[in-house]
Each structure stands twice: as structure tokens, then as C-alpha cells.
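First comes the structure, then the notes that go with it.
Order of listing sets the numbers, starting from 1, for every ligand and every atom in it.
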Amino acid sequence: MKVNNTHYRSLWWDEARNVLMIIDQRWLPHDFRVQPVASMQDFADAIRQMRVRGAPLIGATAAYGMALAMAGDPSDGNLDVAWDFLSRTRPTAINLRWALDRCRSTLRPLPPSERARVALALAHAIADEDVGINRRIGENGLAIIRGIAAAKAPGEPVRLLTHCNAGWLATVDWGTATAPVYQAHDAGIALHVWVDETRPRNQGALTAWELGAHGVPHTYIVDNAGGHLMQHGLIDLVIVGTDRTTRQGDVCNKIGTYLKALAAHDNGVPFYVALPSPTIDWTVTDGLTSISIEERPESEVADIQGLAADGTIGTLHVPPPGTRAGNPAFDVTPNRLVTGLITERGICAASAAGLAGMFPELAAAAG
Ligand code: MRU
């Protein structure tokens with residue numbers, strides 16, 4: 001997608017320097033900083049500190065981390081060490097483990113002398129595949145938006161709500177929940193996006209930045225506003241992303257997603273989840289009991305980062321000194337609250353049958 005009229009992916013390989021480049025998302029939307037990721041510790045820090053974030057982007061980054069590890073020491077032992085080291089960075093988004101498993105199982109049978117080359121090619125492939133998957137999610141989600149637009153008066157916008165940033169910054173390109181939005185906008189369909197702020201890390205500000213750069217009309221709202229807007233008929237549909245979706249279609253996503261799904265259900269608003277297949281955890285059925293929910297630092301809740309009047313980026317402390325803060329980063333929306341899953345192959349029910357029908361070979365392989 002475009003930043004100041006230049007096309008960017010959220011990460012890219014710098015051939016001249018032989019290094020992965022990322023956009024450090026901690027400073028967005030106020031400062032666009034690009035930086036190399038050049039050591040294993042740097043990879044782990046970048047994921048843990050959310051310089052890179054969003055399930056698909058975490059997975060692609062980890063694949064480049066495996067490539068770096070193999071360039072340094074392609075032994076069997078280091079393959080396991082690197083897998084273990086990177087897998088501990090964030091616990092919830094399944095794309096991390098999916099990418100690491102794919103790298104390890106591809107590299108293990110190869111002679112060590114071939115591993116560095118193949119690992120880098122595989123990281124490039126995982127990044128490119130993500131772009132293709134999201135483009136197709138966009139095409140499939142576009143059909144839903146077209147259907148809603150067709151029932152409206154000409155020029156009347158389709159009003160969506162989204163939570164967190166499931167945009168191009170959270171993937172390699174396009175985004176998942178935003179891909180249908182970008183494609184609908186490009187197809188000339190009038191849209192308006194309600195952007196949840198998404199406390200505590202305010203990923204909604206990233207979404208607002210993306211949408212603004214693409215010319216999509218939007219309004220930034222506090223997380224608590226969505227239910228009210230739905231009660232007053234101001235939201236036609238919700239599309240969110242996911243960090244891990246179970247084989248029965250329970251959706252683990254950014255904290256607060258569940259409340260939006262409840263409000264949507266109560267108000268008859270369609271609630272869709274944009275789901276790339278690498279985000280399905282076929283080993284888990286019940287999302288409520290079996291997904292590890294990341295607990296992040298208290299400081300993310302107590303301290304708010306923003307742009308000061310003098311143009312510097314700083315933080316403000318909100319609660320009284322000494323007050324403890326809790327920071328569960330994700331929640332689980334049960335499948336009964338999900339209208340449908342928008343995948344790269346099409347739209348399916350959020351159910352075991354729906355997912356197995358869409359991805360029979362993956363369901364069978366998982367047993
Ligand atoms: O903590 P984050 O910012 O990594 O969480 C991101 C989300 O929850 C996204 O909604 C999810 O990864 C889907 S991104 C296409």
C-alpha cells in the first residue's frame with residue numbers, strides 16, 4: 001500500500017545490505033521509521049515490543065528470523081534453538097508457530113549447506129503468499145460489501161466497523177479485514193469506516209492512518225461507542241481480523257472483539273472475520289479453554305503515547321500512582337456470534353463443517 005505515494009510492504013528484503021527491513025510501528029501514525037533487523041535478539045525484540053505486529057506479519061518476520069539463524073549456523077541443533085527462541089516471543093497469534101513449523105519441517109531434511117539459501121527463499125515465499133491470500137480475502141469480502149451497497153440509495157455509504165489494526169501493517173500487504181475495504185473503495189463503492197481506537201495500544205490509529213492514506217472516509221471512535229452506534233442503525237457490518245481461529249470457528253482476536261460481536265448479535269448486524277488459512281489452529285477446538293491469552297505489560301494500559309503540541313512523541317500516565325493495571329491482549333469470540341469467515345477460498349460458516357469444507361486437505365492433515 002502507499003505511504004506518501006510510494007508503494008511499501010510492511011517488511012522487505014534489502015538485497016544490497018542483505019538484511020530484513022521493517023517499519024517500526026511503535027511510532028506510527030506520527031513518525032514513519034524504517035529500520036533493519038539484523039540479529040536474532042533484534043528479531044525477538046521486534047516481535048515482542050510490537051515494532052512488527054499483527055498475526056500474519058509476525059509469522060513472516062519469524063520466517064526471516066529462521067533464515068538469519070541458518071545463515072549463521074545451519075546445524076540441526078541451531079534449527080531447534082532458533083525455533084524455540086522465536087516461538088517464545090508472543091504466545092497467541094498462531095501464524096508465528098505456523099511459520100516456524102513450516103520453516104523447520106522444510107529445512108530439517110536438507111543438508112546444512114543448503115539451509116541458508118532455502119530458508120531465505122522460503123521466507124520470501126511466505127511473505128509473497130501472504131500478499132496473495134489477503135488480496136483474495138479482499139475479493140471475497142468485496143462481494144459482501146457489494147451486496148449491502150446494492151440495497152442502498154446511490155452514493156449512500158456502506159458503514160463498516162473494524163477493531164484493532166487488521167490492515168496492511170498487520171500483514172505483508174493489503175491487510176485482512178481491510179482488504180475488502182480497499183477493494184470496495186477502488187471499485188467505486190461509497191464507504192465509511194468506524195475505526196475502534198483499540199486501547200491500550202491504540203492500533204485503531206494505525207488503521208486510521210492507513211485508511212487516510214488510501215482516501216477511505218473514516219471516523220476514529222472510542223472502543224465503547226460501537227454498541228451505541230449499532231443500536232442507532234449506523235453500522236451495516238463489522239469485519240475484524242483474527243490471531244487464531246480454532247477448527248470449530250471460535251475467533252481469538254484483539255481484546256474487545258468479543259464485546260463488538262455481542263453488540264452486533266444483539267442488534268442484528270453481520271459480524272464477519274477475515275481469516276487467512278495460516279491463522280487456523282487445527283489442533284484446537286474450543287477457543288475459550290485452549291488458547292494462551294497474552295498478558296502484556298501494565299505500562300501499556302497506564303501510559304498513553306501520543307503527539308504533544310510541540311511535535312514530540314511522548315507518554316502520559318493516566319491512573320493514580322501505585323494503581324495496578326491488567327492487560328489481557330486478546331479475547332475469544334465463540335463461533336455462534338460470527339456470521340461468517342472470509343477466507344482466501346471463499347466465505348464459510350464459523351463451524352467445524354464450514355472450515356473443513358473450505359480447507360479439506362488441511363483439516364484431514366490435522367487429523
Ligand atoms: O497485538 P497485535 O497488534 O499484534 O494484535 C493484532 C490483532 O489482534 C489483529 O486483529 C490480528 O492480528 C489480525 S491482523 C490481520
Which of the numbered atoms in ligand 1 are under 4.0 angstrom from any heavy atom belonging to Thr171? 15 (C)
Partners meeting side chain to side chain contact (heavy atoms under 4.5 Å, CB included) with Pro360 (sequence neighbours left out): Arg345
I need the atoms of ligand 1 closer than 4.0 Å to a non-hydrogen atom of Ala166, numbered in the order shown. 14 (S), 15 (C)
Need the ligand 1 atom indices (1-based, order shown) with element for anything under 4.0 Å from a heavy-atom of Gly54. 4 (O), 6 (C), 12 (O)
Inter- and intrachain pairs under salt bridge (Lys or Arg N to Asp or Glu O under 4.0 Å), touching residues 200-219, at least two apart: Arg201-Glu300
min-distance protein heavy atom vs atom 14 (S) of ligand 1 -> Ala170 CB, 3.5 Å
Cationic N near anionic O, under 4.0 Å, Asp236 to Lys152: yes
Can you tell whether the side chains of Arg51 and Asp42 come within less than 4.0 Å, N to carboxylate O? yes
For atom 9 (C) of ligand 1, what's the nearest protein heavy-atom neighbour? Residue, atom name and distance, please. Asn253 OD1, 3.5 Å
What atoms of ligand 1 come within less than 4.0 Å of a heavy atom belonging to Ala55? 12 (O)
Using heavy atoms and a threshold below 4.0 Å, how should the contact between Thr242 and ligand 1 be classified: side chain, backbone, both, or neither? backbone
May I ask you to list the atoms of ligand 1 that are less than 4.0 angstrom from any heavy atom of Lys254? 1 (O), 2 (P), 5 (O), 8 (O)
Ion pair Arg9/Asp128, N-O distance below 4.0 Å: yes
Does some non-hydrogen atom of Arg90 fall short of 4.0 Å from ligand 1? yes
Describe, in one word, how the ring planes of His232 and His228 are oriented to each other, choosing from parallel (under 30°), tilted (30 to 60°) and perpendicular (over 60°). tilted
Per-atom contacts of ligand 1 with Gln203, taking only distances under 4.0 Å to non-hydrogen atoms: 1 (O), 2 (P), 3 (O)
Whether Asp223 and Arg199 form a salt bridge (side-chain N of Lys/Arg under 4.0 Å from carboxylate O of Asp/Glu) is what I want to check. no
In this structure, atom 7 (C) of ligand 1 is nearest to the protein heavy atom Asp243 OD1, 3.2 Å
Would you please determine whether Met50 falls within less than 4.0 Å of ligand 1 on a heavy-atom basis? yes
Starting from atom 3 (O) of ligand 1, what is the nearest protein heavy atom, named by residue and atom, and what distance separates them? Arg53 NE, 2.5 Å
Under 4.0 Å from any heavy atom of Thr176, which atoms of ligand 1 are there? 15 (C)
Look up atom CG in Leu262 and atom OG1 in Thr257, then write down how far apart they are to the nearest 0.5 Å. 11.0 Å
Any idea which part of Pro56 is under 4.0 Å from ligand 1, heavy-atom wise: side chain, backbone, both or neither? side chain
Salt bridge or not for Asp80 and Arg104, using N-O below 4.0 Å? yes
Are Glu114 and Arg117 within salt-bridge range, i.e. N to O under 4.0 Å? yes
